[in-house]
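Within every chain, numbering begins at 1; the chains are lettered A, B, ... in the order of the sequence lines, protein sequences first and strands thereafter.
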There are 2 protein chains.
Amino acid sequence: MIPNKPDHSKSQRLTQQRSAVLHAVEMVRTHPSAEEVFHLVRKELPNISLATVYRNLHLLAEEGKIREVQFEGDVLRYDGITGPHEHFYCRSCRTVWDIDRSLSPQAIHDVERSMKASVESYNLDFYGLCSVCRRKA
Amino acid sequence: MIPNKPDHSKSQRLTQQRSAVLHAVEMVRTHPSAEEVFHLVRKELPNISLATVYRNLHLLAEEGKIREVQFEGDVLRYDGITGPHEHFYCRSCRTVWDIDRSLSPQAIHDVERSMKASVESYNLDFYGLCSVCRRKA
DNA sequence: CTCTTATCAGTAATGATTCCTAATAAGCCC
DNA sequence: GGGCTTATTAGGAATCATTACTGATAAGAG
Ligand SMILES: [Mn+2]
Ligand SMILES: [Mn+2]
Ligand SMILES: [Zn+2]
Ligand SMILES: [Zn+2]
């Protein structure tokens, strides 16, 4: 008898609601809020409840299938791209832009050494005006 | 007649409450929350209200006298050190440690160039276990 | 198909923060 | 110092994002 691998994933059943929430976050590049995911998913599942969206977003984030992101003065948002990258947040239009770079392993190791700590993750967020808003200003 | 310089600072009167709030944030290295500042200031001004603490923290942050910081899954905190530095946040004990480094001007300029945006500020926060909690784990 | 129970919909509760209003006090002018 | 204007306060209500609760539903193992 082969013992099952311990299942550390918290979600055990693949419900329509759960896969629709995951699909919505993965499909858009907007880093949507729970409310926005709710509106997206409603097109497919008109009866889904907001609490279900919140619950599944949190669950999917814990499993590492999506990523939680938060910016100053804004609500929690979700990111379908889980690989390491950085963000630029426009203070005017609140758009989030992906930055295709990441801190060097050396820089992270420097922090670990100076803090005598283990670094599990980091966030690097830039704030300012995006090119569109800069023109308007 | 010399016209007054336009006063961009939002706080016009130096109240006891306001200076006590500022003093509390500047005195501690703990990056306290509003609630924690409230308890600190109460020792000096037992009748100060929580709303007053919130209002002044926000005001002082807008004037650049203190800095607002926020970490994943935690409430807003305040930092008496306004100069550029980075943070390490222990996921276990929620302690915030200052890191005496900052991104190179070159790295920031790279972001501005690639985004065609103006970068006003950035946050670089590391997450993990501090040395104390690592020993316990 | 049946059965167990994880998950759901709908709604109430929570908790941090902000708003509101009559009372207070900072600080300018005399 | 004593008035006077009004920014600021204390205290409580309101807001808003998020989480908790509960009886009903459906995923998926056998
Ligand atoms: Mn992203
Ligand atoms: Mn700091
Ligand atoms: Zn913009
Ligand atoms: Zn710790």
Given the rule in the side chain to side chain donor-acceptor pair (under 3.5 Å) test, do A/Arg55 and A/Thr52 qualify, once you have shown the distances and angles that lead to the verdict?
CA-CA 5 Å; A/Arg55 183 165 12 83; A/Thr52 296; 3.1 Å; yes

Indicate, with yes or no, if the rings of B/His87 and B/Phe71 have centres closer together than 6.0 Å.
yes

Counting neighbours of CD on A/Gln16 that are heavy atoms of other residues, nucleotides or ligands and sit closer than 6.0 Å, is the number greater than 12?
no

Can you tell whether the side chains of A/Arg91 and A/Glu72 come within less than 4.0 Å, N to carboxylate O?
yes

Whole angstrom is fine here: how far is it from [atom1] in [X] over to [atom2] in [N]?
| X | N | atom1 | atom2 | result |
| --- | --- | --- | --- | --- |
| B/Glu36 | C/dT17 | CD | P | 11 Å |
| B/Leu59 | C/dA26 | CG | P | 16 Å |
| A/Leu45 | C/dA9 | CG | P | 8 Å |
| B/Glu63 | D/dA7 | CD | P | 15 Å |
| B/Asp74 | C/dT17 | CG | C1' | 15 Å |
| A/Ile48 | C/dT11 | CD1 | P | 16 Å |
| A/Arg18 | C/dA6 | CZ | P | 12 Å |

So, do [X] and [Y] sit near enough that their side-chain heavy atoms are less than 4.5 Å apart?
| X | Y | result |
| --- | --- | --- |
| A/Tyr89 | A/Asp125 | no |
| B/Arg67 | B/His85 | yes |
| A/Phe88 | A/Tyr127 | no |

Is B/Leu129 linked to B/Phe126 within one hydrophobic cluster, defined over Ile, Leu, Val, Met, Phe, Trp and Tyr using a side-chain heavy-atom separation of less than 4.5 Å?
no

Would one find a side-chain N or O of B/Asn56 under 4.0 angstrom from OP1 or OP2 of D/dT9?
yes

If only side-chain N and O atoms of B/Thr52 are considered, is one of them under 4.0 Å from the OP1 or OP2 phosphate oxygen of D/dT9?
no

Axial bend angle, the helix from C/dC1-D/dG30 to C/dC30-D/dG1: five-pair end segments, nearest 10°
40°

Suppose we screen for salt bridge (Lys or Arg N to Asp or Glu O under 4.0 Å). Which residues come up paired with B/Glu86, at least two apart in sequence or across chains?
B/Arg101

Return a single string for nucleotides 18-30 of chain D, one symbol per nucleotide in 5' to 3' order, where B is base contact, S is sugar-phosphate-only contact and - is none, cutoff 4.0 angstrom on heavy atoms.
BBB-----BBS--

